[in-house]
Undergrad: 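Got a structure here, written out as C-alpha cells. Questions coming.
In what follows, chains carry the letters A, B, and so on, assigned in the order in which the sequence lines appear, proteins first and then strands, with residues in each chain numbered from 1.
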Amino acid sequence: MLEWMSLLAWGDSGWSDEMVRGAGWTLLVAVISFALGIVIGAGGAAVKLSRVPFVPLLGDLYTTLVRGIPDLITIYIIFFGGGQAAMAVAKLFGYDGYIEFDALTTGVLALGFISGAYSTEVIRGAVLAVPKGQIEAAKACGMSRWTRFHRILVPQVARYALPGLGNVWQLTLKDTSLISVVGLTEIMRQAFVASGSTKQPMVFFVTAAVLYLALTSLSNKVFNRVEIVANRGVRRA
Amino acid sequence: MRMLTTMLAAAALTAGVATAASAADWGKGSDVRIATEGAYAPWNYTDSSGNLVGFEVDLYKDLCARLELKCTLQQQAWEGIIPALQAGKYDVIMAGMSITEKRKEVITFSRSYAATPAVFVVKSDGPLAGFSTDLDAVTMADVDDAEKATIAKVKEAFAGKTIGVQIATTHENFLNEYIAGDVTVKTYDTQENLDLDLQAGRVDAALAAMSYWKPLLEKDAGKGLKIVGPGFTGGPFGDGVGAGIRQEDQQLADMFSEAIGEAIADGTLSKLAIEHFGFDASAKE
Amino acid sequence: MVTLFDEPANTWELIANGLPWTLTLAASSLALGFFLAVGLALLRLSPVPPLRWFAYGYVYLFRSTPLLVQIFLIYYGLGQFEAVQKSFLWPFLREAHWCAILALTLNTTAYTSEIIRGGLQSVPWGQVEAAKACGMGLGLRFRRVIFPQAIRQALPGYGNEIVLMIKSTSLASTITILDMTLIARKETSATFSIEPLFIAAAFYLAINFLATRLVMWVEFRLSPELREAKTGKTLPDQGVVGAR
C-alpha cells in the first residue's frame, strides 16, 4: 500500500499529476469530438431526412458503416489513412504538399466521425418527434423557412435529442481510451506509460478507472441539469 | 437547410487542416520535429515527471546543436510511427528503429548511430535458462553452415514454447521468417507490456535488442531474467539503428548523417552509449 | 485454435484466420453474460436493499469505465501479483483468451442486465396478479408469464448489444489475441497499407449484418401476434441503447 502511495505521489516523484493531466486531455478530446459529432449529426440527419432520391442512402451508408465496424478499426483507418485521404482531396483543389494533422486533430476527427454517426440517429429521431402539425401551423402563420427552422424546429429537436445525446457523450468519453495510437497522452496512454515504466500495471489501471468514473459521473450530473433546464417550460403529463 | 448542410460540410473539411510543410529546404535555424516512442528504455522512455529521457533524447539534442536546428521532441505510439512521419506529423523518427530494406521502401534513413544484436531473454528459473549454442553471434546477412545449424538449434529448443515480441519490429519479422512453426509467437503493442508477461510467465521467452535488455536486467524490473543463445545481426535485423526521415527530405537525412559522423569521430556517441546502455552500442565509422 | 487456411494465399484468407477467435470471444461472452445478466437484473429488482445496491453498483461501475481499462486491469493488472500467479486461478488468468472472455463477459453482463430489467418491468402488473390468482407459484409465474414476455420486449435492445459485443471483441487484440483486428494491424504495419484494415472492417460488417438478421428472425418467431403487422417495420430504432 505504501508503495502505491509513493507511485501516485503528486509532483516529479510520482505519477498522479501526469494521470490528472491525462484526464484533462481526455476531457478536451471528448468535448471537441462530441461537438464535432453533433455538427456531423445535424448534417447526417438532414441527409437522412432529405427528400431528394438516393441522398438518404448516403446517410444510411455512413451510420451503417460506423455502427458495424469496431471503433478501434475505424480509428486505425483514420489514423493510418486520414492524412493520405486529406492530401488526395487537397490535390483535387490544386494543393500539392503535406497536410499536417497533429495528434489532437487526428483523435478528434476519428472520434467525431464515430460519435457523429450516433448523433445522426439521435437527431433524426428528434426531428421526427416534432409534430408535423406545428410546421404546418408555422407555415400558415406565414413564417419563412428560416424562421420555421430556428423558432420551431431547432428548440424542440434540441430538447428531444438531449437524453440520446447524453448517451452519445458517454460513448465518446469512453471511446477516447482507444485513441492512444494517435500519440495523445490521455488517461489510457499515461496509464500505459506509467505502468510500463514502473512495472506496476494494477495501480495505474485502477487510477485510470477511477478517473473515467469521475468524468462520467460528473458529466452525467451536468447532463441531468441541462435536461431539467431544457424541460422547464414543458408541462408534465 | 441545404445551405446549412453545405456550410457545415465545408467547415468540416477546412477544420483541422493546419499549416503545410512541403519537402522543405532544410538548413540552419530550421524547425525540425522529432518523434520518439517514450516506452523503450534506455533508448527513449518517460520518467515519473512525464519527461522524455534516454539515449536518443540526449543524442537528438547533441545532433541538433551541431546542425544549429531548432528541434522539438514529441511522443508517438510505435505502431503508427512510420505512417505519422509520412503524414507529416513530424520530420524525424529517433526511436531505436533499425535500418531495414523493408522500411527503406517507404522512408529513408540517416547513417546508423547505434548497432546492437537481438537476443532472447528467458526467466532464469525456467526450463530454457540453460539453453546455449556454440556460436555467440549469428550474422543473418550471409548465413554459413555453422550459423544455419545454430538457427536450427534455436528452433528446436523453443519448439512448443511461446515467444513474445513487439509488433512491427525487425524481431517480429525474424521470428515469422525463421523461427515460427512449432513456436507460438505472441505480439505486443509495447515492449514494456511484453516484459510484464515475461515476468508473469505468460511467455517463455522474449526477443529484443541487447541494448534494451542489458540495462533492464541490471534493474529491479529485470530481476530473474537472463539472456540465452546467440546474438543475431544483419539480414532481417537491418544495418543498425538510424534516424527515419521522409524520402523527400533526403537533404535532412544527409545533414543528420553528417552530424552523427561528427559525434562518432569526437567520441560523444560512444560516451552517450556507455552512459545509457552500460556498454558501447554506438555505431563505428 | 482452428485456422481456416493453413497457408493463406491472400490478405482475405489471412484475416479470415482470425475469424474463429472473433466468433468464439463474442459467442462465449454473450452466452455467459446473458445468464449472469438475468441474475443481476433480478437482484436489481429484488426487495432486499443490499442486493439492489450491489446490482446498481456493478452496473454503474462497468458502464462508467471503458472496456479497454477493464481488459487491461484483468490481464496485466491481475497478472502482476505473485499471489495470483501461484493461485488455482492462474491456469485461466495466464491465458489471454480467458482474460478477454472474462472482461467481455463482466462488461456485457452490466449492459444486458439493464436491457433485461427494462423487459421485466414492461410486463403489465395485472398479468402477474392474474397469474397469482390462478394459483401459479413464483417460479412458474416467472417462467411462464414474466420471462417470455420480458425477453420478447428486450430482444431489439439485446440485438444491439450483440452487435456491440462483436465490435468489442476487437479490443482483445490489445492483449495478444490473434483475432481479425490484430492480424489486420500486423499486416498494416508490415506493409504500410491500410487495405488489411478495410478487409477486417468488411468481415465485421458482414458478421454484424448476419447477427442483426438472426435477431430479426428470432423476433419474428417469438411474436406470432404481430406477424400480420410486419414486425420488422414496427420496431423502433434502437439508437444508442447500451452503447459503450
Undergrad: Rounded to the nearest 0.5 Å, what separates atom OG1 in C:Thr191 from atom CD in B:Glu105?
TA: 10.5 Å
Undergrad: Strictly less than 4.5 Å between heavy atoms, which residues of residues 76-98 of chain C line up against chain B? Please order them by number.
TA: C:Tyr76, C:Gly79, C:Gln85, C:Trp90, C:Leu93, C:Arg94, C:Ala96
Undergrad: If you take all heavy atoms of B:Arg202 and C:Tyr75, which pair is closest and at what distance?
TA: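 Taking B:Arg202 first and C:Tyr75 second, the nearest heavy atoms are NH2-O, 2.9 Å.
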Undergrad: What residues of residues 165-175 of chain B make heavy-atom contacts with chain C at a cutoff under 4.5 angstrom?
TA: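 Residues in range: B:Ile167, B:Ala168, B:Glu172.
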Undergrad: Do B:Asn193 and C:Phe72 make a side-chain contact, defined as non-hydrogen atoms from C-beta onward lying under 4.5 Å apart?
TA: yes
Undergrad: I'd like to verify something: which residue of B:Leu194, B:Ile81, B:Asp197 has the highest number of heavy-atom pairs under 4.5 Å with chain C?
TA: B:Asp197
Undergrad: Considering only heavy atoms, give the residues of residues 176-187 of chain C separated from chain B by less than 4.5 Å, sorted numerically, with 'none' for an empty result.
TA: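 C:Thr176, C:Leu182, C:Arg185, C:Lys186, listed by number.
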Undergrad: Hey, could you give me each pair passing side-chain hydrogen bond (donor to acceptor under 3.5 Å, both in side chains) that has a residue in residues 120-131 of chain B? Not counting sequence neighbours.
TA: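 Non-adjacent pairs meeting side-chain hydrogen bond (donor to acceptor under 3.5 Å, both in side chains): zero.
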Undergrad: Can you measure from CD1 (B:Ile82) to OG (C:Ser189) and round to the nearest 0.5 angstrom?
TA: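 Reported to 0.5 Å precision, the distance equals 9.0 Å.
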Undergrad: Atom CZ of residue position C:Arg52 - does it have more than 12 heavy atoms of other residues, nucleotides or ligands inside 6.0 Å?
TA: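 Buried by this count: over 12 neighbours within 6.0 Å.
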